[in-house]
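Read the structure below first, then the notes.
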Amino acid sequence: MQLPFVSEQYVQVAVPVPMRQLFTYQVPQEMQAPSIQVGERVAVSFGSRKVIAIVMAINSDIDPIVDDERTIANKKIKPIASRLNDSFHLSDSLVSFLTLCANYYHHPIGDVFQQALPKLLRQVKNVDIKPPMVFQRVTVTDPVKAEHLVKIESKAPKQFALYQLISKHQGTSWAELRTLGYSKTQLNALIAKDLICEVKQQPHQFSWHKENLAQENKQVLSTEQAVIVSTINQTLEQFSCHLIDGVTGSGKTEVYLQAMEAVLAKSKQVLVIVPEIGLTPQTLLRFEQRFNVPICLHHSNLNDTERLDTWLNAQQGSAAIIIGTRSAIFSPLHQLGMIIIDEEHDSSLKQQDSFRYHGRDMAILRARQLNITIILGSATPSFESLQNALSGKYHYHQLRHRAGKSKKAKITLLDVAKQQMEFGLSGSLKHEISKTLARGEQVLVFLNRRGYAPAITCQECHWLCDCQRCDKPYTFHQKQQLLICHHCGSQKRVPRQCPSCGSVRIAPVGQGTEQLEQRIHEIFPDVSIVRIDRDSTRKKGELTRLLQEIADKKHQLLIGTQMLAKGHHFPDVTLVAVLDGDGALFSFDFRASEQMAQLMIQVAGRAGRASKPGQVLVQTSYPEHPLLQDLVHNGYQHFAKQALVERKQAMLPPFSFQALIRAEANYPSYPEKFLRQLTELDLINCQFAGPVPAAMEKKAGKYRYHLILQAKSRKELHVTILQLLAAITDNEWQSKVRWSLDIDPIDLNW
Ligand code: ADP
Ligand code: ZN
Ligand code: ZN
């Protein structure tokens, strides 16, 4: 088919709107030179707005069938408003990767680009690029400065550590130093003494020198570790995926560091994705100490300029290592040679709203696209990865022992059904806590429920104080004397009287971390206690401060939610107590037991990491439950393999492929009818489950339903979803609901 106006130039662009299509614009004559490129950012008017769009195709590439050909014929095509013409073009490789992502998730392409770009590049104005500033050591020649240094070393150890870090690592950004827990005061003190100076970082492509590697920090690998590193080295420069299944402290990070060497030595970049950097500055420090190469960070605690700096450094190839959270997978990497996903099982790798992508899965897609190596590491691999490893799709490596001298902590189940409990603590647990504290060691008490109490109730008529918008009990926060709904965030004062019977006997039921802290303080009044959860660490920098206090042994008892289960090293913790091990045993979500097992093993991994042995005590009312028994006696791998057999029999993922369609509206009948109409479509290769009300049927005043779609192969799922999306436009309830699509859902419990 011939397009009219062959002499005219058209482009198809991705516009940041929730529509699954590209849009055609005309390129005015005066904007045609220099010639327009795929990946360029252009400003276009869309409706009444002016937005940034990405050029996806030019003239002859435009497929008249996909394109809105009628609009071309009708001459309704608008010209692009301007070309940004800066150095922020997206490479062909990045454009095709993001297109792959959009296709995989059936997500509007414009929104995928929107989420992949730093904020400053999404704004319709020219970005003025200043070279990023970094800190460097000033060579000490005069005796006065040398004296300063000696003084700092003895009087201000933290300042001295900062000085050493910057000296060993020429060119460190404030973002890195801040993430490592240093303060502006410490930095300014060094600048004032002229020991450190701030310089402009010159963009240049990083190239490797032998001196970039700090040989002295390298560990001599165990045989198990050495085999993994050499296998990985043999598979470089082709797509290969390695799963390292190794208990916490078994030396996975050391394997990453040594496997990266060969890639960096070719002057290629390495992308490292971790669940949360702010929570694990130790990991960043180890990369810094090993490699004196430019390292850039990508996480939520960066400001817009810092984000753009990382983006630019990655794109120009001046960053050798990029360490980031899930969205770092969309970085524009110039010369990517390897991807590492640490804690690959962690659910924070999946974005749970709007563009619901999984950082690990997209990383595998990208490694495949670029023909490079990807390493997944975890002490508790996801069932998906484990199945791929067991079936031979991935290289499977196990690290069975903890590195160095530390021994694996033993898990013991404490039967609490027949015990006297005091504030959620059994007698035998209290006894063990006392013994551990008496030895001068630290104890971690794990309770995955923040706040003071999960509910407030009337002791006479058992009225429960529910959030009207969610039909769920309010959580009581004692410190603020407030009831807060953890589902929608609404707050209210504690009622003085029961609205149902008028009684004043209103009291909290159950226990959250806030109450636990208070109770444990009553039991162990002389012990310093620290609580780590979302409430206690809301203030910026607070978490880093508390973690440092724990490392400095200022506290003996640590109380926390799952925040404490992630990647921290607490060398002096020798007892981990899990107060409620029963949470997930009876859930309807088939992933609940996988998640419970992962959490339990991860928390257990916090115990006894140094030379002292550790133990884990799990309180449960069902010590005979086969899941718990299997996990405790046979370990995670055995448990996981058993569970995989069950999943296979039930044809559940990873043996089948799912999509979840969520719908919500102000009336319960709308989402249900909307979804039911979808199930009436004639789709051969997929099965529907539902529609059913969501686990939280009502949230923030909205009624919620979902529908699960399941297929035997990914291709079948893909084809069906295309049919479904095409049919949704004709669904009569479509305009009355808000719906979303979640491919490979991991949380059915919404
Ligand atoms: P993981 O990432 O599996 O938790 P790490 O790599 O952090 O394990 O290793 C745990 C501890 O053991 C670290 O302090 C690390 O320095 C040390 N370690 C790792 N490998 C070795 C080794 N081969 N020899 C001695 N110590 C090691
Ligand atoms: Zn009452
Ligand atoms: Zn609510």
Side-chain angles (χ1 to χ4, degrees), residues 214 216-229 244-260 272 274-275 280 282-287 289-290 340-344 375-381 397-409 455-475 482-492 495-507 509 565-571 601-602 604-611 696-702 704:
E216 69 280 7
N217 293 338
K218 262 173 91 163
Q219 305 274 5
V220 179
L221 295 182
S222 68
T223 317
E224 272 185 327
Q225 285 173 314
V227 171
I228 303 178
V229 173
I244 306 181
D245 175 352
V247 295
T248 323
S250 60
K252 294 184 292 296
T253 310
E254 188 61 35
V255 170
Y256 306 153
L257 288 163
Q258 301 211 15
M260 284 163 65
V272 184
V274 294
T280 51
Q282 303 101 324
T283 310
L284 169 61
L285 190 63
R286 282 173 72 186
F287 284 85
Q289 286 171 338
R290 183 66 55 88
I340 296 168
I341 312 281
D342 193 25
E343 310 289 357
E344 68 84 32
I375 306 177
L376 312 177
S378 174
T380 52
H397 309 283
Q398 277 180 286
L399 286 172
R400 269 168 270 234
H401 309 288
R402 284 194 169 187
K405 284 196 216 88
S406 77
K407 289 273 169 303
K408 200 166 153 182
I456 286 264
T457 179
C458 166
Q459 292 179 316
E460 287 185 26
C461 76
H462 303 295
W463 165 83
L464 206 58
C465 188
D466 272 346
C467 166
Q468 295 299 307
R469 307 172 69 206
C470 304
D471 289 345
K472 290 270 164 177
Y474 276 108
T475 302
L482 271 181
L483 296 172
I484 303 178
C485 171
H486 282 196
H487 305 290
C488 72
S490 70
Q491 303 186 346
K492 83 184 231 177
R496 271 163 218 242
Q497 271 190 321
C498 169
S500 169
C501 75
S503 160
V504 289
R505 288 182 54 211
I506 292 198
V509 279
K566 286 189 184 180
H568 305 290
H569 298 238
F570 300 121
I601 300 291
Q602 293 288 339
R606 308 298 131 220
R609 294 186 49 118
S611 47
M696 265 197 73
E697 186 176 350
K698 193 176 162 200
K699 183 174 176 179
K702 298 261 192 264
R704 300 134 40 99

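Start at 1 and go down the list; that is how both ligands and their atoms are numbered.
Within the 4.5 Å cutoff, the side chain of R400 has heavy atoms near those of the E224 side chain. No side-chain heavy atom of C485 sits under 4.5 Å from any side-chain heavy atom of Q491.
By heavy-atom distance, the residue among E224, Q258, Q219, Q225 lying nearest atom 26 (N) of ligand 1 is Q219.
The Zn ion (ligand 2) has no N, O or S atom of H462 inside 2.8 Å of it. At least one N, O or S atom of C467, from either the backbone or the side chain, sits less than 2.8 Å from the Zn ion (ligand 3). One of the N, O or S atoms belonging to C470 lies under 2.8 Å away from the Zn ion (ligand 3).
Each of the atoms 23 (N) of ligand 1 lies under 4.0 Å from some heavy atom of S222. Of all atoms in ligand 1, listed by their number and element, those nearer than 4.0 Å to a heavy atom of E254 are 6 (O), 19 (C), 20 (N). Residue G251 has at least one heavy-atom neighbour below 4.0 Å for each of these atoms of ligand 1: 1 (P), 3 (O), 5 (P), 6 (O), 8 (O), 9 (O), 19 (C). Atoms of ligand 1 found under 4.0 Å from any heavy atom of V247 (numbered from 1 in listed order, with element): 3 (O). For ligand 1 and V220, the ligand atoms under 4.0 Å from any heavy atom of the residue are 22 (C), 23 (N), 24 (N). Counting the atoms of ligand 1 from 1 in the order shown, those under 4.0 Å from a heavy atom of R286 are 5 (P), 6 (O), 7 (O), 15 (C), 16 (O). Set against the non-hydrogen atoms of K252, the atoms of ligand 1 under 4.0 Å away are 1 (P), 2 (O), 3 (O), 6 (O), 8 (O).
Among the candidates I244, D245, V247, the single residue satisfying the side chain to side chain contact (heavy atoms under 4.5 Å, CB included) test with Q398 is D245. With Y256 as the partner, the side chain to side chain contact (heavy atoms under 4.5 Å, CB included) test is satisfied by one option alone out of T283, I341, I375, V229: I375.
Q468 CD: 12 or fewer foreign heavy atoms inside a 6.0 Å radius.
Salt-bridge annotation for E697 and K702: absent, with no side-chain N of the basic residue lying under 4.0 Å from a carboxylate O of the acidic one.
For ligand 1, one of its N or O atoms has an N or O atom of S250 under 3.5 Å away.
Vertex the Zn ion (ligand 2), arms ending at SG of C458 and SG of C498: the angle is 110° after rounding to 10 degrees.
Proximity of a side-chain donor or acceptor of K472 to a complementary backbone N or O of K699 within less than 3.5 Å is not detected. At distances below 3.5 Å, not a single donor-acceptor pair connects side-chain atoms of D342 with backbone N or O atoms of V274.
Counting only N and O atoms by type, the side chains of Q602 and T380 include a donor and acceptor under 3.5 Å apart.
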